Amino acid sequence: MLKFSGKSVYKGIVLGPAAVLKKTDQQVRRVKITDVDEELHRLLLACEKSKEQLRKLYEKAVKEVGETSAAIFEVHEMMLEDEDYLDAIHSMIRTELVNAEYAAAVTRDNFSEMFASMNDDYMKARAADVRDVSNRLIQNLKGEEELDFSELAPSVIVAEDLTPSETVQMDKEKILAFVTVHGSTNSHTSILARMMNIPAIIGVPVDLESIHSGMQVVVDGFSGEVIFEPDGTVCNDARKRMQEEQEKLTLLQTLKGKENVTLDGRTINIYANIGSVSDVGYVLENDAGGIGLFRSEFLYLGRNDYPTEEEQFQAYKQVVQTMAGRKVIIRTLDIGADKQVDYFHLGKEENPAMGYRAIRICLKEQAVFRTQLRALLRASVFGNLSIMYPMITSVEEVEAIFEIVEEVKAELEKDGITCKMPEQGIMVETPAAVMVSDELAKLVDFFSIGTNDLTQYTLAIDRQNERLDEFYNPHHPAIIRMIQMVVDNAHKEGKWAGICGELGADAELTKNFVRMGVDELSVAPSMILKLRKTIREMKISP
Ligand code: PEP
Ligand code: MG
């Protein structure tokens, strides 16, 4: 048994096979060889195997994401036929009498450095491709099997780290749990794990070289423990606890269709947070009253170009139609910081969390913003849609946004396209927005407090920095007082205020929030019935 502890991001217990995702460069040892011909033959076979894998990937990608996105696999295949690249590996094997893995690794480093130092952006980007294709070649030389998600049985994904764009591309049905060596509890990948309702443990000090795909593993999201190759007793215990968890979930199902009302009669809205159209299934399964936060930026991740107006319109329309009259709050693009998209060319920043992101990009690059707004105004005819703007810091920003929205609406009407002006609210997630919330409340229809960023900016703690997790305290009195201030200022103007950050699902605070007058909590779908239970069992007066 190999036992590790990490930080739990989502509670739950799972037993299943591991799928080890090795994204880091393949590590190799230099070995002296005696038979050059045999080494060159091994290289040839590995090249052929790599090309065959790439051809299959290309065909699969063409079907799933189209020719343009699939072209990258063709480029990789061509690299394996490039004479300069192959000559470099061959001559190293011949002259230095080294193993093919080592020659490929050195060539990988030399070529990628050469590309990275070029002035042309396109050529610079090839550095990552040369690393990728060389790592595939080395993997095949070592005889390691590639992780193929399409063939994968439901597994525990074990990786160094996962970015939001990698996570969204995974087939959710195939993921039993996440285990990562790095990552912070407040990152979007952790949020996605909660969203998918699967146990996730981060900061697990496992050496990926010491484990392999297919190994059995127990992931205990309650204790933060991860046990590879568990013995019979651990397996039996895990199975028993999985069964108990299932029974608790079944019990919660009896709350479906019931109101979120306290024993003394106060009702509050419990909505769901989602990141994609396919998440709406979880929303309905868990009987949410609406969608309080649709992180629309996930429509922009994991692709090579901007989603068109039509693509976005179809996505928003489908969500509002499926929700059949229940409120759907769609947040406009919140790209930047940890949610990076190559085609936005955002450039490297010293301090991305405080940088060019969210509404700042939308106000500067209005074509992108206007396209999204057109799609939203068009979709709003099909149901109960509201728009929400992220990262607001001032009244002036809201005024500028409203002006753009009016222009977009006028344009659509001029073109004879049916549209409707939805309710418009803002995320309150900067201390500045909190401090001017009295003025902002006069302008907008509602507030939704983003406690993830509000905690980051108030406590001056980068939410992505895993070393600061122990200092990141959303229970800090400063945050609680800010929430109270925002709720009071909203109510003075007859507006509602909710919480859509992760704190909204914090069971320790649910009763406090209800007593503070919070009108809505928007949480991961899996938390809805749990919150409903707490609310139905509490009284406002202690
Ligand atoms: C927040 O900041 O609390 C929030 C809900 O937005 P995100 O986590 O997507 O930044
Ligand atoms: Mg935020």
Side-chain angles (χ1 to χ4, degrees), residues 9-10 163-165 167-168 183-196 200 270-276 279 290-301 329-341 351-362 386-393 397 425-434 437 446-465 469 472-476 478-480 482-483 486-487 497-506 509 513 518 520-525 527:
V9 167
Y10 187 78
T163 65
S165 49
T167 320
V168 286
S184 92
T185 38
N186 312 295
S187 68
H188 282 94
T189 301
S190 303
I191 291 175
L192 281 171
R194 289 192 275 265
M195 167 90 230
M196 293 168 171
I270 305 186
Y271 292 164
N273 292 349
I274 65 164
S276 76
D279 295 334
I291 291 171
L293 168 65
F294 177 178
R295 289 182 164 94
S296 72
E297 58 276 10
F298 283 98
L299 295 177
Y300 294 68
L301 298 186
I329 303 177
I330 303 183
R331 176 174 78 183
T332 57
L333 185 60
D334 186 7
I335 217 81
D338 65 325
K339 287 173 284 195
Q340 288 293 330
V341 181
N351 214 336
M354 298 215 209
Y356 191 49
R357 57 172 293 196
I359 204 67
R360 300 167 185 181
I361 299 179
C362 289
S386 306
I387 309 185
M388 175 157 78
Y389 305 102
M391 284 293 290
I392 297 297
T393 61
E397 278 164 355
I426 56 165
M427 301 270 308
V428 178
E429 53 185 342
T430 64
V434 174
S437 54
F446 63 90
F447 286 149
S448 189
I449 307 170
T451 49
N452 309 337
D453 278 319
L454 188 58
T455 307
Q456 151 164 274
Y457 297 125
T458 306
L459 304 186
I461 285 177
D462 178 355
R463 66 193 260 198
Q464 288 293 116
N465 187 336
D469 266 0
Y472 182 97
N473 173 20
H475 287 210
H476 193 294
I479 307 295
I480 305 299
M482 282 177 155
I483 295 175
V486 173
V487 171
I499 300 177
C500 64
E502 296 300 290
L503 198 64
D506 190 324
L509 292 176
F513 289 150
V518 172
E520 174 242 25
L521 294 170
S522 190
V523 298
M527 295 304 295

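One-based numbering, in listed order, for ligands and for the atoms of each. Remember, predicted model here, so these are calculated numbers, not experimental data. Residue numbers start at 1 and run along the sequence shown.
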Could you please provide the protein residues found below 4.0 Å of ligand 1 on a heavy-atom basis, arranged by chain and number? His188, Ile191, Leu293, Arg295, Arg331, Asp334, Lys339, Met427, Glu429, Gly450, Thr451, Asn452, Asp453, Arg463, Cys500, Gly501

Counting C-beta onward and ignoring hydrogens, is there a side-chain heavy-atom pair between Ile359 and Thr393 closer than 4.5 Å? no

Look at the side chain of Tyr472 and the backbone N and O of Leu459, then say whether any donor-acceptor pair between them is shorter than 3.5 Å. no

Between Val341 and Tyr300, what is the shortest heavy-atom contact and its length? CG1-O, 3.6 Å

Could you pull out the N/O/S protein atoms under 2.8 Å of the Mg ion (ligand 2), ignoring any water? Glu429 OE1, Asp453 OD2

Please confirm whether the backbone N or O of Pro352 pairs with a side-chain atom of Arg357, one donor and one acceptor, at under 3.5 Å? no

May I ask you to test the Asp334-Met427 pair for a side-chain heavy-atom distance under 4.5 Å? no

Any salt bridge between Arg331 and Glu297, counting N to O under 4.0 Å? yes

Under 3.5 Å donor-acceptor, Asn273 side chain and Cys500 backbone: yes

Thr430 side chain to Ile392 main-chain N or O, any donor-acceptor pair under 3.5 Å? yes

Between His475 and Leu509, is there a side-chain heavy-atom distance shorter than 4.5 Å? yes

